[in-house]
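Data block below; observations after.
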Amino acid sequence: MVSMETVFSAVALVAAPFAGGLLMGVDRKITARMQSRMGPPVLQPFYDVLKLWGKSPVITSRLQPILAFGYLGFSFLSVALLLFGGDLLSIVFTAALAEVCIVTVSMSAKSPYSYLGGRRELFCMLSTEPLMILSALSIYIVTRSFIVENVLTFEEPLLPLLPGAFIVTGIVLLIEMRKSPFDVSASSHAHQEIVRGVYTELSGYTMALVEVGHWIRTVLVLSIASIFWAPNILVGWGLALALLFMVILADNAFPRLSWQRMVKTSWALGFALIAANVLLLVVTGGATI
Amino acid sequence: MNETEQPVEVNTVIPFGPQHPVLPEPIQLRFTIHQDKVVGVVPNIGYIHRGIEKACELNDYKKNVSLCERVCGICNFMHAMAYCEAVEELTDTEVPDRAKYLRVVWSELSRLQSHLLWLGLFADSIGFESLFMHIWRDREIVLSLNEKTSGHRIHLSTCAIGGVNKDMDKGLISEYKSGMELLERRIRELAPVFYKDRSVKDRTVGKGVLPKKRAMLLGAVGPTARGSGIPQDMRRLGYEAYSNLDFEPVVHDEGDVHARLLVRLEEVFQSIRLIKECLEKMPEGPVMNKNRRFPNGATVVRIEQPRGELFYNVMGNGTKRLRRCRIRTPTLANIPALVDILVGYDVSDIAPIVMSVDPCISCTER
Amino acid sequence: MRLVTRARLKSPWILHFDCGSCNGCDIEILAALTPKFDAERLGVVNIGDPKQADVIVVTGPANPRSARALRSLYEQTPDPKVVVAVGACAATGGVFRNCENVFGGVDKVIPVDVYVPGCAARPEQIIDGLLLALRKLKEKDGG
Amino acid sequence: MHILHGALIKMPRMIKRVLRSLLSRPATVRYPFVKPEPARGTRGGISFNMDRCDLCQDCERVCPSSSIKIYQDSGRIEYQPFRCIYCHICVRTCMQRAITPSEMVRGPAYEKSVDVYEVHR
């Protein structure tokens with residue numbers, strides 16, 4: 001017998017890329033308005049991806065299509081794990097696998113821009129992965145479980161207990177969405193010293209796949225952020241969207257920083273916030289270690 | 001290629017250009033990178049060379065005004081003005097006083113346009129999209145004044161031999177005044193971003209340092225030299241109406257990217273002030289003296305372009321064609337300095353450092 | 001009309017290459033993307049990577065050296081693509097017609113689909129040129 | 001209070017401007033849909049008035065881009081709008097005032113067209 005929840009999760013899984021594309025469109029619109037422009041229509045990301053799908057690709061290495069599919073597939077898998085109540089840690093690792101795919105794509109090409117982009121993407125991974133794991137750990141400390149299903153059924157909202165971990169998720173979102181100040185590996189507008197960075201060698205349908213994968217990853221991080229108000233999914237998503245707005249605001253208020261600065265900032269800020277948060281929990285008796 | 005045959009220390013070579021979104025113009029800079037640091041730069045130019053100097057000898061000397069104007073689209077008025085000044089000297093043509101003031105107004109307007117363009121492109125090169133957009137939005141004020149003056153947003157085409165071929169009426173002057181006030185207000189609002197914002201400072205302070213002695217040795221000009229503490233400004237030679245105006249060159253001593261940034265930012269305010277002063281002091285009268293002679297002899301003109309010293313050496317031989325028209329542009333003088341300041345910095349600093357000397361390749365190669 | 005064709009008309013990513021212009025047109029192309037004209041309304045993005053571009057926007061009269069770079073960019077850009085020559089000198093050489101080192105027009109190097117007149121071309125004209133190029137793209141698709 | 005003030009000072013400087021433009025109207029002219037009036041004196045295309053032209057070739061002589069060709073014997077003028085740099089020097093030079101400047105700029109095209117004018121005798 002298929003339960004209601006399973007059906008809901010399956011629908012959400014199918015809707016995830018569309019939601020991601022829509023969020024990207026809203027992001028581009030808000031960014032444009034912040035720059036006092038009109039901005040593209042909200043459906044613009046879908047036009048872009050459809051067009052890329054129909055364009056004849058330039059395949060520079062044989063690995064490229066497989067890895068592009070891999071990026072999309074693993075991103076999908078991580079969202080699926082989240083929706084079907086999987087393990088937070090395995091979600092983080094699956095997401096990292098997707099990242100490995102795109103790094104391999106860019107490293108396997110001859111272009112120096114792509115190579116440098118891949119290297120910087122590795123540094124992005126180096127900044128985000130520990131923060132994701134720490135975030136998951138701090139959730140574990142409160143709820144005594146890594147399983148999303150158990151976290152969701154935890155009796156009280158997590159945010160008052162874990163404000164630090166929530167901010168850390170915001171930093172992860174900033175890096176994951178490739179927004180200033182941390183858009184070191186690639187940027188949507190390509191006004192950057194390494195042109196399109198990791199995306200340089202992608203074209204046609206491989207680029208479309210990676211673009212959709214990127215949307216899904218954004219949805220993934222936002223859903224993790226929404227867990228912080230687990231009892232009520234609507235409040236949770238409201239929080240996640242507020243985080244998205246803060247990220248867009250940061251994108252427009254900062255220049256791009258160097259990758260060294262990115263690693264330093266994210267580690268220092270991330271570790272400090274999580275440590276302070278855990279300390280607070282112990283002091284207030286919210287959790288026992 | 002056999003992997004094992006490679007030396008242990010592999011240097012990556014990055015060809016930066018000729019097509020690159022950070023630089024709208026084609027120049028190739030081949031960077032040798034070692035462990036994310038630039039160890040060598042080889043500039044590779046010639047993508048824009050058109051042979052304007054030769055064409056100046058083939059044309060009628062009056063047509064050259066339009067051609068010289070198109071040496072560079074950004075500072076087009078200054079090129080036309082320098083050429084006209086040279087020909088006026090060779091033909092003993094007196095320029096009316098009002099025309100002199102109008103030339104100063106329009107050349108300062110060019111400088112304003114160029115510096116705002118640069119501030120925007122620089123913001124873009126450090127990945128500050130929104131600042132780029134806001135600066136370019138404010139730049140439209142200058143362009144709309146250009147359009148009202150001469151009917152075109154970029155190429156003013158108002159400079160002619162013997163004066164200027166457009167006059168300003170009362171209405172336009174008041175529009176200029178209100179436009180300058182609006183622009184000043186809007187740029188003042190953005191100025192703290194360049195002065196104080198910590199993230200901008202993080203990208204600019206201490207990057208691409210050019211000490212004063214080195215700048216002198218390499219012959220840097222314009223804001224690149226002024227950012228290194230050299231108070232060099234050709235406007236102090238007092239050409240056109242500059243001798244009647246009151247100003248001091250903007251100088252910063254640090255010699256890094258931030259200093260060059262501040263020099264240009266402060267020159268924006270200086271230009272606004274100069275334009276206002278000119279509009280106040282402008283005398284009435286004709287704007288054009290007809291010239292009936294052919295250029296004869298040789299002369300040298302030096303004027304201050306937004307990027308530095310512009311040098312025209314025009315030789316005539318008493319016919320309608322010139323014997324020689326030699327143009328030396330500021331970016332050419334700044335390329336040795338550019339190559340020097342890039343070495344030793346990170347790959348991520350390449351874009352701001354290259355932008356900091358404001359390379360204008362179409363001037364450089366002509 | 002096919003879905004992909006419709007999407008193609010709404011998302012022209014441009015590759016800008018200057019092969020010898022005076023900068024006038026180049027800054028106007030950038031100005032067309034900034035707040036006053038904001039070509040991003042029409043989906044225009046200055047992508048800078050030939051492999052992902054749909055519209056090649058060329059300025060300048062082309063000289064032997066930049067022609068080589070231009071030709072390689074044209075070959076790197078996958079189909080379907082259109083070329084827009086912006087400015088008088090990209091169309092015919094314009095004021096540089098008798099300079100020694102110019103070919104006098106981009107169409108001597110690569111096939112050009114749309115010519116935009118003006119020196120420098122205004123942002124309005126450039127946007128019109130892009131829209132005309134898109135119509136050509138549609139014709140190429142058989143739409 | 002001092003700490004709060006310090007934090008505000010150190011806040012990124014761009015946020016104020018960015019938020020204000022988010023809430024105010026964008027500066028965009030919706031160009032292809034809304035066509036603004038051309039500014040007075042815009043240097044647009046030119047056209048020849050053949051009733052006035054006396055084929056003196058003055059405009060051909062001054063044209064910096066050689067976009068005007070006048071054939072005196074056949075009474076024909078060829079004007080290349082895609083070579084023209086729209087400097088309007090010809091308009092100022094023409095003694096007969098036979099060249100009419102327009103404020104409408106020339107639109108883009110698939111082909112480089114040439115405008116041909118002929119004297120009706």
Side-chain angles (χ1 to χ4, degrees), chain B residues 17-28 44-56 58-59 63 66-76 79 113-114 117 120-121 124 132-141 143-144 147 152-155 157 360-363 365-366, chain C residues 14-31 33-38 40 46-50 53 56 58-70 72-73 76 87-89 93-104 118-124:
Chain B
Q19 185 274 326
H20 199 285
V22 167
L23 289 166
E25 296 169 278
I27 178 175
Q28 194 178 40
N44 204 345
I45 63 172
Y47 291 94
I48 300 205
H49 178 62
R50 291 153 291 192
I52 289 180
E53 289 182 4
K54 181 68 186 165
C56 281
L58 303 174
N59 279 351
K63 282 187 193 175
S66 294
L67 185 59
C68 285
E69 195 170 33
R70 281 159 181 82
V71 168
C72 172
I74 301 172
C75 40
N76 56 76
H79 276 277
Q113 194 258 103
S114 169
L117 171 123
L121 285 180
D124 197 41
F132 163 65
M133 292 291 181
H134 280 280
I135 296 247
W136 275 58
R137 179 193 167 184
D138 299 344
R139 180 174 162 267
E140 292 289 334
I141 298 170
L143 294 187
S144 74
E147 180 152 25
H152 197 281
R153 286 159 50 89
I154 303 290
H155 287 292
S157 298
C360 174
I361 314 301
S362 98
C363 275
E365 303 179 4
R366 304 179 295 284
Chain C
I14 64 170
L15 171 78
H16 163 225
F17 185 63
D18 170 358
C19 54
S21 92
C22 72
N23 273 352
C25 298
D26 306 279
I27 52 182
E28 291 292 61
I29 289 170
L30 276 183
L33 294 164
T34 47
K36 179 144 182 213
F37 295 98
D38 190 26
E40 206 186 339
N46 185 6
I47 205 72
D49 184 355
I56 307 178
V58 194
T59 57
N63 65 18
R65 188 158 198 190
S66 61
R68 241 177 298 154
L70 178 60
S72 100
L73 284 174
Q76 278 180 52
C89 51
V95 74
F96 304 126
R97 81 214 177 279
N98 61 355
C99 292
E100 51 174 5
N101 197 31
V102 302
F103 286 154
C119 183
R122 285 152 195 278
E124 291 102 327

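Lettering follows sequence order; numbering is per chain, from 1. What you see is a predicted model, and the numbers here were worked out from it, not measured in a lab.
- Contact check for B:Trp136 versus C:Leu33: no side-chain heavy atoms found under the 4.5 Å cut-off.
- The most heavy-atom pairs under 4.5 Å with chain B, out of C:Gly24, C:Ala120, C:Gly94, come from C:Ala120.
- Summarising the geometry of B:Cys72 relative to C:Asn23, their closest heavy-atom pair is SG-ND2, 4.3 Å, with the distance given to 0.1 Å.
- C:Cys22 SG to B:Arg50 CZ: the interatomic distance, rounded to the nearest 0.5 Å, is 7.0 Å.
- The heavy-atom pair separating B:Leu58 from C:Asn98 by the smallest distance is CD1-O, 3.7 Å.
- With a threshold of 4.5 angstrom between heavy atoms, B:Leu121 approaches chain C through side-chain atoms but not through N, CA, C or O.
- Of the atoms belonging to C:Leu15, it is side-chain heavy atoms, and not backbone ones, that fall under 4.5 Å from chain B.
- Under the 4.0 Å criterion applied to side-chain N and carboxylate O atoms, C:Arg122 and B:Glu147 are assigned as salt-bridge partners.
- Per-residue heavy-atom pair counts under 4.5 Å with chain B were compared for C:Pro123, C:Ala69, C:Gly118, and the maximum is reached by C:Pro123.
- Residue C:Phe37 touches chain B through its side chain alone, counting heavy-atom pairs closer than 4.5 Å.
- Between C:Pro35 and the options B:Arg139, B:Glu140, B:Arg137, a side chain to side chain contact (heavy atoms under 4.5 Å, CB included) holds for only B:Arg137.
- Shortest non-hydrogen contact noted between B:Pro26 and C:Asp18 is CG-O, 2.9 Å.
- Of the listed residues (B:Lys63, B:Arg366, B:Glu25), the greatest number of heavy-atom pairs within a distance under 4.5 Å of chain C belongs to B:Glu25.
- Between the side chain of B:His155 and the backbone N or O of C:Cys119 there is no donor-acceptor pair closer than 3.5 Å.
- The backbone N or O of B:Ile45 lies less than 3.5 Å from a partner atom in the side chain of C:Arg65, making a donor-acceptor pair.
- Using a 4.5 Å cut-off between heavy atoms, C:Ala62 does not touch chain B at all.
- Listed here is the closest heavy atom pair of B:Tyr47 and C:Ser66: O-CB, 3.3 Å.
- Distance check, rounded to the nearest 0.5 Å: CZ of C:Arg97 to CG of B:Asn59 gives 5.5 Å.
- When all heavy atoms of B:Ile48 and C:Ser21 are compared, the pair lying nearest together is CG2-O, 4.0 Å.
- Ranked by heavy-atom pairs under 4.5 Å with chain B, the list C:Val102, C:Thr59, C:Ile27 is led by C:Ile27.
- Partners of B:Ser362 according to the side chain to side chain donor-acceptor pair (under 3.5 Å) rule, which considers only residues two or more places apart in sequence or in another chain, do not exist here.
- In this structure, the portion of B:Leu117 lying under 4.5 Å from any heavy atom of chain C is its side chain and not its backbone.
- Taking each heavy atom of C:Asn101 and B:His49 in turn, the nearest pair found is ND2-O, 2.9 Å.
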